[in-house]
Student: 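Mind having a look at this structure? Questions to follow.
Everything quoted here is computed from the prediction, not taken from an experiment. Reminder, nothing fancy here: chain letters follow the sequence lines and each chain counts from 1. Below, all heavy atoms of this structure are taken into account, side chains as well, without hydrogens, waters or symmetry copies.
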Amino acid sequence: MTDLPKAYAPRDVEGAIYERWLEADVFAPDGAGSTADPALPTFTIIQPPPNVTGSLHLGHAQRTAVEDLMIRHARMRGQRALFLPGLDHASIAAQVVLDRMLGEEGESRNSLGRERYLARMADFVSATREVILGQQRRVGASADWGRLRFTMDERSAKAVRVAFERLYRADLAYRTEALVTWCPGCLTSVSDLEVVPTPETGTLWSIAYHLVDAAGGAVDPDPAATIIVATTRPETLLGDTAVAVHPDDERYANLVGRFVRIPFVDRDVPIIADPIVDRAFGTGAVKITPAHDRDDRETGLRHNLPAPTILADDATITQSGTAYDGLDRYAARDAIVAALTARGDLADSKSHEMVVGRCQRSGDVIEPRLKTQWFIRTAPLAERALAATRSGRTRILPERFEKTWEHWLTNIRDWNVSRQLWWGHRIPAWYCPDGHVTVTSADIGPTACDTCSRPIKDLRQDPDIFDTWFSSGLWPFSTMGWPDDTADLATYYPTSVMETGYDIIFFWVARMMMLGLELTDRVPFHTVYLSGLIRDPEGQKMSKTKGNVVDPLGLIDESGADALRFALIHGATPGNDQRLGPTKLEHARHFANKLWNATRYVLGARPSTIPAGAERRHPNPSDLGPSERWLLSRTAATITAVDRAMADHAFGEVTRLLYDAIWGEYCDWGLELAKVRLADETLPVESREATWWTLVEVLDTYLRLLHPVMPFVTEALWGSLPHRATDPDLLIVARWPIASERDTAAEMGVGTMLDLVRGIRNARAEARVEPARWLPVDIAVPETLGATFEGIRPAIERLARARPLVRVLTREALSDADPNHLAVIAGEAEALVRFTAAGQAASPESGALDRARLERELAQAEGWLAAAQDRLSSETFVARAPAAVVENARTREADLTDQVARLRERLGA
RNA sequence: GGGCGAUUAGCUCAGUUGGUCAGAGCGCACGGUUCACAUCCGUGAGGUCACUGGUUCGAGCCCAGUAUCGCCCACCA
């Protein structure tokens, strides 16, 4: 037990506590301070590794909060709970950031060269790494830092090499020339997923291609002998190798098989028929550029067309053999349009709404182009991933994302994993002068060509690196030491929950599933919990360009990590975005403050007969009063409800349940009832001690339940409470509460008494009675509630400002001879609040106000009663509804009938 | 062009297998300063649960359609 400062100061509380957890070594399931039971199943969460590109944002804080909540819950239940933290090297994202920084220094990737560039990257990454780890600690992540992994560390590098070699040997990785999505700004291929379709207004140009005469060679002298094609990218005509029309298009039927001459390059290309063409679009004739358009590539392959490349890596025109070579693609476009106009071959140009693919990182317009690169054959992998979710071996939450999952995996394209970047895992493939490919996972590389045994000095390693998501895709098992047979892999894999944002379900979750199943033959996780995105108070997505990014540390400084976590978890429903603003944080901070003060009160209310350092005792049941039993029963109910919500992954519901229980029940009623009893000198000392021990017991329980949500403040407060000999030193490893059935059943009708107090308060307020004024109250309580009433009579007196409080046995005995009273009905109990005692006069309007209140209540009760009777009068309802429902309705009808009668009686109606 | 989500009190949102589910926080109104907390206490007002049909004894909750907003996927050059 320690003294608590009067004011709740989150910063003071939180700093010290994280250090204590670290010292106690309780984060690791096998740490020195672990209290885990080896007989229980393990619970593992692998953290989605944040990118080492900068600092964390609110989305990360939300992830961490949810993951940490699950881990702390599992840990308190005695499971070996592993929260394995990590960082992602984020190759392209990191390069974009570093390149920008270098640009400001007047340097560039090329000016430094590969070696110095990577050294710079290492410096940059080690700096941001510390920032990120510091942020996670501030949020309270109880991760096992001793197991911290990095997607660029040695272990990960080995996993990448072994994974690739295995995929290669299984013919699941192959190298081929194919059309890739190329970013001319980043100078690398990127994933289809990294292309952002952007609506833009462009121009649709119609260009006349002149027919070549049947003999071939000469252009048809008739200037009208043309076919007009429509395009938004006229510069690509330099790479055209055909014109396509729909096979059923009568307009062009007689032209199919003839040739046209492509301007500037003077190449004669065939007019082909292909059903891909949409007759209704443009002119119904399409130019085909197989090297620079995905559809055209497919068409080209179907018709055996050549595919000349006419765009260089930086999107300048190249190899066209025209004067346009060397020009930027857009300069070339302008020049070509001008030249076509001059030739009289530009038939039309009009404004056109279209969707342009832009690079997610640089914003450059993507240029598809042919490259020889490495691909992962995804079809067989996707099949296994689908089987895993269909069979329920892995469950996706919320379930609706399974549709998205199904759709993407059933339409998946092979995965291009080559990137022309420097920061990342180099592809372990070597090529010999004869074109043989050697793939090895050996860390020193091959010694000779696998095929022709040429020595290593004649081999050349692929200069490319892997897509950053390739190493991320191995994350759940590479972190455990795979491909080696480690103890961790045997113990903690497959993992329990993969928590991440729904925005990377394809990038990451699907890849982990595919690679995990293929390489480990097991699902990498049993549950996928998809979080929503955090938005600003206006519902805008937070982004650096909008300038509405919020630094979690700023919020933690202001309100505390506990408040931030509570706010984030409170609003979280799986898969749904949430807005976060100041009012929600305030709400959470007020709650932490409430908890703080409630604990301070309890500590200060210790009866003097209990020594300060006393060990915790269970009060003797016979010393408990009705309010204690009620409180214990409510607590047991809360435990049950929280357990259920936790099992449903309804974490927002958990916070709501605890907020209501702690504030609305424990503080508003539990403490107020206890105050009276603790001050009652007429009670035996054992009773007063039992009251206090009950307050401690219940508070202890709520602190445990709340700990996964608000770890710091609960740890601090719990440390100040008396404990049992069997309790550990720290709440983080204390046991999760178990609801007792005995407690659950012990409500004793206290709820009705509290309703009566509420009713009296309401009546007094409505009648504009001064709150502090004591008024005599006569109360009728049925025999069944008699003992309860007598047990908390002093509290009712004080809370209802009722004095003297006279109990009568029957309602009939409530004398209403004096019209100066307020009538209150609550369940089976009833009360009359009198104005005329001790020379106090009623205000003239009080009676009228009270009458108006009663009439309102009567009207409402009559309405409900009518509805209830209506329902019961329906034969089909009685016949078809479940018996319990009908029974319920009958009870309700009886209660309402009684209530209506009593209200009428009081109104004299 | 497909798919998904949202639409509940002035604002932000809960509402878990259809039967006291019409709720919370903030805001608002009225009233409260000794003894945990003004980061507080008490009381109250506010909603045809987007719209239209349907299923059912009974529908924010299930089905169909409509509207508005948002997201994802997609080869209309």
Student: Regarding A:E770 and A:R801, does a basic nitrogen lie under 4.0 Å from an acidic carboxylate oxygen?
Tutor: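 Judged by the 4.0 Å cut-off on N to carboxylate O distance, A:E770 and A:R801 do not form a salt bridge.
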Student: Mind checking if A:A650 touches a base, just sugar-phosphate, or nothing, with heavy atoms under 4.0 Å?
Tutor: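 Touches nothing.
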Student: Starting from P on B:rG58, measure out to CD on A:E875 and report it in whole angstrom.
Tutor: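 About 14 Å, once rounded to whole Å.
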Student: Considering every strand shown, what is the Watson-Crick or G-U wobble mate of B:rU17 when both distances are under 3.5 Å?
Tutor: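 Pairing partner, where one exists within any strand: none, as none qualifies.
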Student: Side chains of A:Y659 and A:H587: is there a donor and an acceptor less than 3.5 Å apart?
Tutor: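 There is such a pair between these side chains.
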Student: Is it true that A:E586 and A:R589 have a side-chain N and a carboxylate O under 4.0 angstrom from each other?
Tutor: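 A salt bridge is absent here (no side-chain N lies under 4.0 Å from a carboxylate O).
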Student: Regarding A:P882, tell me which of base, sugar-phosphate or nothing describes its non-hydrogen contacts under 4.0 Å with the strands shown.
Tutor: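 Touches a base.
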Student: Between B:rC72 atom C1' and A:N411 atom CG, what is the distance in whole Å?
Tutor: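 Taking atom C1' of B:rC72 as the reference, CG of A:N411 is at 13 Å.
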Student: Any base atoms under 4.0 Å from A:E893, or only sugar-phosphate, or nothing? Heavy atoms, all strands.
Tutor: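 It contacts nothing in the nucleic acid.
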Student: Once you apply a heavy-atom cut-off of 4.0 Å, does A:R758 come out as touching a base, just sugar-phosphate, or nothing?
Tutor: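 Contact class for A:R758: sugar-phosphate only.
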Student: With both distances under 3.5 Å as the test, what is the Watson-Crick or G-U wobble partner of B:rC28?
Tutor: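 Check on B:rC28: paired to B:rG44, both distances under 3.5 Å.
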Student: Short question: side chain of A:W596, backbone of A:P5 - any donor-acceptor pair under 3.5 Å?
Tutor: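 Answer holds: yes.
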Student: Pick base, sugar-phosphate or nothing for A:W663, based on heavy-atom distances below 4.0 Å to the nucleic acid.
Tutor: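 The residue A:W663 makes sugar-phosphate contact but no base contact.
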Student: Considering only the P atoms, how many Å lie between B:rC21 and B:rC4, rounded to the nearest integer?
Tutor: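 Nearest-Å result for B:rC21 against B:rC4 at atom P: 31 Å.
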Student: Which whole-number value in Å describes the distance from A:E353 CD to B:rA77 P?
Tutor: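 So the two atoms are 11 Å apart, to the nearest Å.
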Student: Would you classify A:R600 as touching base, sugar-phosphate or nothing, given that sugar-phosphate means primed atoms plus P, OP1 and OP2, and contacts are heavy atoms under 4.0 Å?
Tutor: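 The residue A:R600 makes sugar-phosphate contact but no base contact.
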Student: What is the base-pairing partner of B:rG5, counting Watson-Crick and G-U wobble geometry with both distances under 3.5 Å?
Tutor: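 Partner of B:rG5: B:rC69.
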Student: Respond yes when some side-chain nitrogen or oxygen of A:R579 is under 4.0 Å from OP1 or OP2 of B:rC13, and no when none is.
Tutor: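 Checking A:R579 against B:rC13: at least one side-chain N or O falls below 4.0 Å of OP1 or OP2.
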Student: Does OP1 or OP2 of B:rU39 have a side-chain N or O of A:N597 closer than 4.0 Å?
Tutor: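 No, A:N597 has no side-chain N/O under 4.0 Å of OP1/OP2 on B:rU39.
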Student: When the C1' atoms of B:rU55 and B:rC72 are compared, how many Å lie between them, rounded to an integer?
Tutor: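 B:rC72 and B:rU55 have their C1' atoms separated by 32 Å.
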Student: Mind telling me if B:rG18 is syn or anti? Syn here is a glycosidic angle within 90° of 0.
Tutor: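 Anti, angle beyond 90° from zero.
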Student: With both distances under 3.5 angstrom, what nucleotide forms a Watson-Crick or G-U wobble pair with B:rC76?
Tutor: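 With both distances under 3.5 Å required, B:rC76 matches none.
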Student: Could you check whether A:E653 pairs with A:R656 (Lys NZ or Arg NE/NH1/NH2 to Asp/Glu carboxylate O, under 4.0 Å)?
Tutor: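 Between A:R656 and A:E653 there is a salt bridge, with a charged N closer than 4.0 Å to a carboxylate O.
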Student: Would you say the base of B:rA36 and the side-chain of A:K6 have a donor-acceptor pair closer than 3.5 Å?
Tutor: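 Counting by modelled atom types and ignoring angles, no donor-acceptor contact under 3.5 Å is found here.
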Student: For A:D296, answer base if it contacts any base atom (sugar-phosphate contacts may also be present), sugar-phosphate if it contacts only those atoms, and nothing otherwise; contact means non-hydrogen atoms under 4.0 Å.
Tutor: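 Nothing, no heavy atom under 4.0 Å.
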Student: Classify A:K403 by what it touches in the nucleic acid, base, sugar-phosphate, or nothing, heavy-atom distance under 4.0 Å.
Tutor: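 The residue A:K403 makes sugar-phosphate contact but no base contact.
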Student: Using a heavy-atom cut-off of under 4.0 Å over every strand shown, decide if A:R801 touches base, sugar-phosphate, or nothing.
Tutor: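 Since no nucleic acid heavy atom lies under 4.0 Å of A:R801, the category is nothing.
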Student: Counting the atoms with a prime plus P, OP1 and OP2 as sugar-phosphate, which does A:D648 contact under 4.0 Å by heavy atoms, base, sugar-phosphate, or nothing?
Tutor: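 Result for A:D648 = base.
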Student: Determine the Euclidean distance between corresponding C1' atoms of B:rC13 and B:rU7; express it in Å to zero decimal places.
Tutor: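 Straight-line distance between the two C1' atoms is 12 Å.
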Student: Hey, is the side chain of A:H590 poking within less than 4.0 Å of OP1 or OP2 on B:rC40, counting only N and O atoms?
Tutor: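 It does, given that an N or O in the side chain of A:H590 lies less than 4.0 Å from OP1 or OP2 of B:rC40.
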Student: Contact class for A:H292 (heavy atom, under 4.0 Å): base, sugar-phosphate, or nothing?
Tutor: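 Nothing: the residue A:H292, judged by heavy atoms under 4.0 Å, touches no strand.
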Student: Under 4.0 Å between any heavy atoms, over every strand shown, what does A:T599 touch: base, sugar-phosphate, or nothing? Just pick one.
Tutor: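 No contact at all - A:T599 keeps every heavy atom at 4.0 Å or more from the nucleic acid.
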Student: Using a heavy-atom cut-off of 4.0 Å across all strands, would you classify A:I276 as base, sugar-phosphate, or nothing?
Tutor: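 Base contact.
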Student: Compute whether any side-chain donor of one residue and acceptor of the other, for A:T389 and A:W405, lie under 3.5 angstrom apart.
Tutor: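 Note: A:T389 and A:W405 side chains meet the donor-acceptor criterion.
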Student: Mind checking the P distance from B:rG65 to B:rC26? Whole angstroms is fine.
Tutor: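 Rounded to whole Å, the distance is 41 Å.
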Student: Could you check which nucleotide pairs with B:rC35 in any of the strands shown, counting Watson-Crick or G-U wobble with both distances under 3.5 Å?
Tutor: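 Per the H-bond distance test, none.
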Student: Could A:E857 and A:R853 be called an ion pair, given the rule that one side-chain N must be under 4.0 Å from one carboxylate O?
Tutor: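 The answer is yes: the pair qualifies as a salt bridge.
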Student: Which whole number of Å gives the distance between the P atom of B:rG27 and that of B:rU12?
Tutor: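 It comes out at 15 Å once rounded to the nearest Å.
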